[in-house]
Structures are given as C-alpha cells and as structure tokens.
Amino acid sequence: MRIWALIFCLALPGAVLAQEKASEDVVPGVPFKEGDVVGFEEIDKLKDYLPTEFWENREYFFYEGMKLEIGPFFRKYGAADAYNAMTAKFDGQTKLGKDDGLENYTGGLPFTKIDCKGDPQAGAKIIWNFVRAWNGDGALSNWSYTYWDRGEQLPLYYEGTAKIVNLKHRVEPQYADSGYDIFPNEKRLMAFGIEVEAPFDARGILVMSYRYKAADGALDQAKNDDTWVYVPDLRRVRRISTAQRTDSVQGTDFTMDDLRSFAGIPPQYEWKCLGEGKFLSPFNTRYLAYPYTDTYNFGPYGFSYANDRWEMREAWIIRFDPKNDDHPYHHKDIYIDKETFEPLYSFAYDRKKELWKIIWHNHRYSEDWKGKTPETTDPKGKSGVWYPGWEGVPEPKDLRIISDIIVNVQTGTGNRIEFWNNHGMPLADKGKIRRYIDIGRLNKGR
C-alpha cells in the first residue's frame, strides 16, 4: 500500500497577453480591490466569492495572522504560441462520441465554444479541455508528500522526483510529419516515472506507468493504465494493476483520481455543467516555498494558502457522477478556470451525499519568474532560469501546479503535496525519451 501512495500522488501531475486591472467596474459591488491585504478579522469580505462548501469549512483555511493579498482580476495568462496555433488549426475537428469519448482530436484545445446552459454535453467538453490543457512536455519535478492529522504533521512522508512525457498530440512543429506524435504508430498517450529518494527505507523505489490512447474512447474499447514498480527490498520489477483507481490508499485521503482534482479517465463518468461564476482562488504564488525556504505559512492545520496572493477568476462548475456503482464518491463538483482550464477547487461527496473531501491547489506562472529564482533547468546552467523554452516553444507561458492539498472534513486529516523545479521542458532527444520510458530502465535499481 505504501507503493500505491507514491504512484497515485505523483501522476503529475498543470504570457501575459493582457492584464485587466481591478476596479469597482470589473465586479460591481466587490468589497476589495487589487493590492488589498485581507486579515482574519475581514474574511467576511470574501464570502460571496468563495464556494459555499469552502466557506462553511473555513476554519481549516483562514486563521489569525493571515495576510491574504488580493491579486489581479481576470488576468489573461494564455498559453504557448505553438499550442494556440494547434487550437486554431484544428478548431471544430474534435467531436464527442460514444460514452462522451474524444474523437478526431489532433492537438490544442479540443473545444473552443462551450454553452453550459444549452448544451447537455458541455460538462464533458469542459473536462476534455481540462485534460488536454497546455502543460508543456508533461512535467519534471521534485516533490514532497506529507501527512497531517488535525494540525499535526505525522512522521510518515516521502520525497523524490517525477517525470511525465506526453507521447502524442505534441505542439512542436518538428513533429508535424509524424502526426504530432514523438514515435510512429504510438499507442501510449503518456508515460510517467517516479523515483523515491526519502525516507531511507523507501529510497530506490522506481515506478513507470503508461496511459493509452484507447483510454480516450468508449468504455468497451478502453484500456486501463499499466504500471510497473521496482522494489529494492525484493530486488525485482513487479507489474501492478491500476484498474481500481478509485480505491483509497492506506494512510492517505487521496484516491488515484483525486490528483489535480481529477486525474481519471473521463468516459468512466457522467459529466454535467452546473453553471459558472466569479471566484477568488490562490492562482499564482508569490513565494518559492519548500525547499528554498521553510517559512511558507500553511496555517495551523497545514492546509492553507491564506498567506499568499489570490486572484479573481471566472470558473466553470462541473459535476461528475461515477458510472461504476462501487465508486466511493456519490459525486464530485470541480471548479475549473475558464481561461486556463486549471483546477481551482473540488468537493467530493460520499455515498450518503455528505461532503467528504475538499481539494484545492496553488500555481506558479512561468513568465513571472524568469531570472527571479535560484532554480535552473537550463542545460547550459544559466543562473536564475526556472523554465526556459525549447525548440518550437521559445516561451512556455505555462501555469503549473506547485501544490495539491486535500482535507477530509469528516475526520480532520489530510495530505499536502508540494512540487518544486516543476516545469514542462522535454528531454534532449528521442533517444533519451525512449530510454527513459523503457520498462527495462527500472532494472537499474537491482
């Protein structure tokens, strides 16, 4: 079960075109403006711009001494130019098929026009936009995973590295001749690997998992993920079934499909668009946080971003209802940013239709941190570059998740996952990609 915790929590996991300044005209009657700092005694100002479930459980998130900075209203982040070009080139091509599976998709944003009120398939279109939103090559990050119980950090924790490689639907022009896939006749959508570095008794665990193109289609054609793990104690590679992605993992409040609010296979759920609205959310952090500084204040429960910058965002609210009767959730409501399709909040309900879990996130925008961080991924070692561009994508323009938090409101327990050096740069060449995603690589742990 320990291995499962590592696998699911690291399936990583998401330029300024214009920026609208806040004013009373942007949101009539709003009781705050950009640049304001809201303390605990003033949180009633925020009530009308937060999800009801979040406000009703605010004791986990707001605290004495908090300094919540109001950031931009409805800032435009955009995406890489190559991704936008793919969206424009293939606009109108993608369709929903049986079980709301994705058909005729080549690249970019699948659906550019969404009618929440008039289109019964709007919820499915929104989740496919969420799944196919711009995220560079995938992800490469260091990570830390901690356990919390009623404000106390438990001794169980993990640290390591993780890498996702998107194998299909690439945006770089150099892949046009191969149908925008890295390798010809590729059946895998992506591969992700994990390496555990701490604690000592888990060090050396290696994981490789594949998600397949067939997962986009109808349920009778779907193929579940394949996962392999190298276990140092056994000195062997074992294959693990990931068919039950909705099982809770011992010692954690996450399921595999809770990552990034939703990391599952969309056709396995019924989707509905409940509406849209304007919401405050932590969206583009001001801080480096762990491991560059340990002074980030997550609040007395360990679950808060209330000492950071929050932005006003327009969001879709969608609901999934599981098609599997054995699913632990009756439904989950997910708040998805309308411009970037990044997750803001989600609320999972148990089979009795009672609120069970709250999941929320913080992000960092690549273009705001150029030359401002000690992190460097530049192969030439250029100091201060966190997320440089690459061939075909000179400016990443990527809003990336740097933290996932889940709170079990029925028990007071939860988990926090923090990512740093998190970027979407590809490996240097196809040979390195092929070697990285090869299952045989896991044998190096022997």
Side-chain angles (χ1 to χ4, degrees), residues 6-7 10-14 80-83 85-86 106-108 132 134-143 160-197 204-215 223 225-230 232 236-240 366 375-382 385-396 398 400 419 421-446:
L6 299 168
I7 294 171
L10 294 162
L12 305 178
D81 293 346
Y83 179 86
M86 291 280 281
T106 302
R132 293 289 186 265
W134 168 240
N135 70 335
D137 172 69
L140 175 61
S141 69
N142 300 89
W143 51 266
T161 61
K163 171 67 178 171
I164 287 179
V165 181
N166 290 324
L167 299 171
K168 297 183 69 68
H169 312 304
R170 304 292 301 203
V171 303
E172 297 91 337
Q174 60 266 32
Y175 291 119
D177 291 342
S178 61
Y180 298 99
D181 298 343
I182 291 181
F183 303 117
N185 304 313
E186 181 59 64
K187 295 182 180 179
R188 296 164 295 187
L189 279 171
M190 65 92 171
F192 77 87
I194 301 167
E195 182 169 349
V196 181
E197 298 176 350
I205 292 175
L206 303 174
V207 178
M208 179 58 62
S209 185
Y210 298 151
R211 176 161 292 185
Y212 296 93
K213 173 64 177 175
K223 180 177 175 60
D225 297 355
D226 282 327
T227 301
W228 296 263
V229 59
Y230 173 74
R236 60 180 296 187
V237 176
R238 301 185 63 181
R239 185 170 180 172
I240 297 178
S366 63
E375 304 155 84
T376 176
T377 53
D378 190 326
K380 297 181 180 179
K382 183 178 179 182
V385 178
W386 159 50
Y387 190 171
W390 61 94
E391 183 184 359
V393 185
E395 295 181 313
D398 196 357
R400 303 195 66 83
F419 307 109
N421 296 340
N422 185 6
H423 64 83
M425 285 183 62
L427 296 173
D429 55 57
K430 288 186 179 181
K432 290 185 177 180
I433 294 172
R434 195 181 298 276
R435 288 190 292 274
Y436 182 82
I437 66 176
D438 186 356
I439 301 304
R441 181 180 64 86
L442 303 186
N443 291 326
K444 77 173 187 179
R446 292 185 174 180

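The structure presented is a predicted model; accordingly, all values stated were derived computationally and were not measured. What you see below is based on every heavy atom in this structure, not just the backbone, and it leaves out hydrogens, waters and symmetry mates.
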Heavy-atom donor-acceptor pair, Trp134 side chain to Pro396 backbone, under 3.5 Å: yes

By side-chain hydrogen bond (donor to acceptor under 3.5 Å, both in side chains) - contacts of Tyr180 (at least two apart): Lys89

Min side-chain heavy-atom separation Thr227-Val207 under 4.5 Å: yes

Test ring pair (Phe, Tyr, Trp, His ring centres under 6.0 Å) applied to Tyr210 - qualifying residues, sequence neighbours left out: Trp228

Distance in Å, Arg170 CZ paired with Ile182 CD1, rounded so as to fall on 0.5 Å steps: 4.0 Å

Salt bridge (charged side-chain N to carboxylate O under 4.0 Å, His left out) partners for Arg132, two or more places apart: Asp216

Minimum side-chain heavy-atom gap Ser366-Asp398 below 4.5 Å: yes

Asp137 side chain reached by Met425 side chain, heavy atoms, under 4.5 Å: no

Side-chain heavy atoms of Val393 within contact of Glu172, under 4.5 Å: yes

Closest non-hydrogen atom pair between Lys163 and Pro426, with its separation: NZ-CA, 4.3 Å

Pairwise side chain to side chain donor-acceptor pair (under 3.5 Å) hits with a residue in residues 428-439, at least two apart: none

Residues in side-chain hydrogen bond (donor to acceptor under 3.5 Å, both in side chains) contact with Ser178, at least two apart in sequence or another chain: none

Ser209 side chain vs Asp226 backbone, donor-acceptor pair below 3.5 Å: yes

Asn166: partners by side-chain hydrogen bond (donor to acceptor under 3.5 Å, both in side chains), with sequence neighbours left out: Asn135

Sequence neighbours excluded, every pair satisfying salt bridge (Lys or Arg N to Asp or Glu O under 4.0 Å) that has a member inside residues 175-194: Lys168-Asp181, Glu186-Arg188

Spacing of Ile164 atom CD1 and Leu140 atom CG [to the nearest 0.5 Å]: 10.5 Å

Student check: side-chain heavy atoms of His169 and Met190 closer than 4.5 Å: no

Reported CD-to-CH2 distance for the pair Glu197 and Trp143, which is rounded to 0.5 angstrom: 8.0 Å

Note, Ile439 side chain near Tyr230 side chain (heavy atom, < 4.5 Å): no

Check: Tyr387 side chain, Gly424 main-chain N or O, donor-acceptor pair, under 3.5 Å: yes

Nearest-0.5 Å distance that lies between atom CZ in Arg400 and atom CG in Asn422: 4.5 Å

Rounded distance (nearest 0.5 Å) linking atom OG1 of Thr161 with atom CD1 of Ile194: 9.0 Å

Side-chain heavy atoms of Leu167 within contact of Phe183, under 4.5 Å: yes

Residue list, side-chain contact (heavy atoms from CB on, under 4.5 Å) with Glu391, at least two apart or on another chain: Gln174

Arg441 to Gly193 - nearest heavy-atom pair and separation: NH2-CA, 4.5 Å

